[in-house]
Amino acid sequence: MTITPCFLAAIAFEPRQDVDTLLSDVAAALSGFRMASVVQIGGKNEGCDVKTMALKSVRDGWGIRILEERGEQARGCRLSPHAITEVVARLERELADGADMLIVNRFGRSESESYGLRRVFERAVINGVPVPTAVRSDYMAAWAEFHDGLGRTLPREGEAVIAWAKAHAAA
């Protein structure tokens with residue numbers, strides 16, 4: 001029997017639960033590792049604030065706004081495909097430069113539909129780079145299909161996520 005390393009881990013969360021602070025805290029606690037990672041900054045748990053929601057690089061500090069400006073009367077948020085393409089390119093460069101870990105803010109709708117940051121998840125796994133991420137409850141089935149038994153779910157607790165990340169980055 002061959003044991004396959006578990007390089008994917010999801011922090012399960014419910015809509016309106018703050019997982020961004022947790023991921024930022026985890027990234028800060030793992031600052032001694034080479035990371036190709038983004039955390040979400042700005043925005044609101046309820047509704048959406050296009051002017052402030054961005055992904056920020058843990059390694060280099062760059063930030064990219066990820067939502068389209070849709071006007072005052074628009075309802076809901078929409079990811080900017082151009083911004084996501086730029087984030088993917090930058091994360092792929094960070095992975096190519098060497099990384100012990102990839103922290104990605106979400107595996108969500110875009111990734112479940114085979115776009116968004118999915119390519120970065122795949123690249124990391126192919127390269128044996130562990131990936132902790134957050135997955136909202138309504139995308140857990142898509143997450144399970146994506147990792148096909150090679151991932152695990154972590155509790156929404158910083159110490160558990162940090163312990164998993166350190167164990168897998170060391171491997």
Side-chain angles (χ1 to χ4, degrees), residues 8-95 97 99 101-121 123-124 129-140 142-143 146 153-162 164-165:
L8 295 166
I11 303 161
F13 73 103
E14 296 298 324
R16 308 221 189 292
Q17 284 183 324
D18 177 23
V19 74
D20 299 317
T21 301
L22 171 65
L23 284 172
S24 291
D25 291 347
V26 166
L30 299 170
S31 63
F33 292 95
R34 293 176 305 157
M35 289 190 275
S37 302
V38 289
V39 293
Q40 186 170 298
I41 57 171
K44 299 178 182 176
N45 286 339
E46 295 182 32
C48 141
D49 185 346
V50 177
K51 293 174 179 40
T52 62
M53 191 177 290
L55 293 181
K56 182 179 178 183
S57 168
V58 173
R59 179 185 284 185
D60 296 329
W62 52 260
I64 296 176
R65 285 190 3 204
I66 59 171
L67 299 178
E68 291 182 338
E69 181 71 57
R70 296 182 58 211
E72 211 172 291
Q73 301 300 317
R75 293 187 177 200
C77 302
R78 181 173 175 184
L79 283 175
S80 165
H82 301 292
I84 297 301
T85 299
E86 180 65 22
V87 171
V88 167
R90 289 180 183 213
L91 285 175
E92 286 182 329
R93 280 194 298 270
E94 289 183 4
L95 282 169
D97 289 342
M101 184 172 316
L102 170 71
I103 297 175
V104 179
N105 69 306
R106 301 279 190 285
F107 180 96
R109 179 179 175 184
S110 296
E111 292 74 24
S112 69
E113 295 174 353
S114 297
Y115 57 98
L117 301 177
R118 186 173 177 134
R119 190 169 89 195
V120 178
F121 281 93
R123 178 82 38 121
V129 176
V131 185
T133 190
V135 181
R136 202 171 70 191
S137 58
D138 41 344
Y139 297 111
M140 287 302 285
W143 170 253
F146 171 72
T153 302
L154 299 173
R156 206 168 47 93
E157 301 168 4
E159 292 304 316
V161 178
I162 292 166
W164 180 90

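This is a predicted model, so every value here is computed, not measured.
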For the student: nearest non-hydrogen atoms of [X] and [Y], plus distance:
X	Y	value
Val129	Leu102	CG1-N, 3.6 Å
Ala12	Thr153	CB-CG2, 3.9 Å
Pro81	Glu68	CD-OE2, 3.4 Å
Arg34	Asp97	NH1-O, 4.3 Å
Leu23	Asn105	CD1-O, 3.5 Å
Leu95	Ala124	CD1-N, 4.2 Å

So, does [X] use its side chain to make a donor-acceptor pair with the main chain of [Y] at under 3.5 Å?
X	Y	result
Glu111	Gly116	no
Ser112	Arg109	yes
Arg59	Met35	yes
Ser57	Trp62	no

[Y] side chain reached by [X] side chain, heavy atoms, under 4.5 Å:
X	Y	value
Pro130	Trp164	yes
Thr85	Val88	no
Leu79	Ser110	yes
Ile103	Val58	no
Arg136	Val19	no
Ile41	Asp20	no

Checklist entry - Where do Glu94 and Arg90 land on the salt bridge (charged side-chain N to carboxylate O under 4.0 Å, His left out) test, with the steps shown first? => result CA-CA 6 Å; Glu94 289 183 4; Arg90 289 180 183 213; over 6 Å; no

Checklist entry - Heavy-atom count around Glu159 CD within 6.0 Å, excluding the residue itself: above 12? => result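 Counting neighbours around CD of Glu159, 12 or fewer heavy atoms of other residues, nucleotides or ligands fall under 6.0 Å, so no.
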
Checklist entry - So does Arg119 have more than 12 non-hydrogen atoms from other groups sitting under 6.0 Å from CZ? => result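 It does not: Arg119 CZ has 12 such atoms or fewer within range.
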
Checklist entry - Distance from Glu157 atom CD to Ile162 atom CD1, nearest 0.5 Å? => result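 Reported to 0.5 Å precision, the distance equals 11.0 Å.
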
Checklist entry - For the atom pair CZ (Phe121) and OG1 (Thr133), what is the distance rounded to the nearest 0.5 Å? => result 3.5 Å

Next on the checklist: Going by the rule side chain to side chain contact (heavy atoms under 4.5 Å, CB included), which residues pair with Ala83 if we only count those two or more places apart in sequence or in a different chain?
Outcome noted: Ile64, Ser80

Item to check | Polar contact flag, side-chain donor to acceptor under 3.5 angstrom, Thr21-Asp18 | outcome: yes

Item to check | Phe146 and Phe107 aromatic ring geometry - parallel, tilted or perpendicular at 30°/60° bounds | outcome: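 Tilted.
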
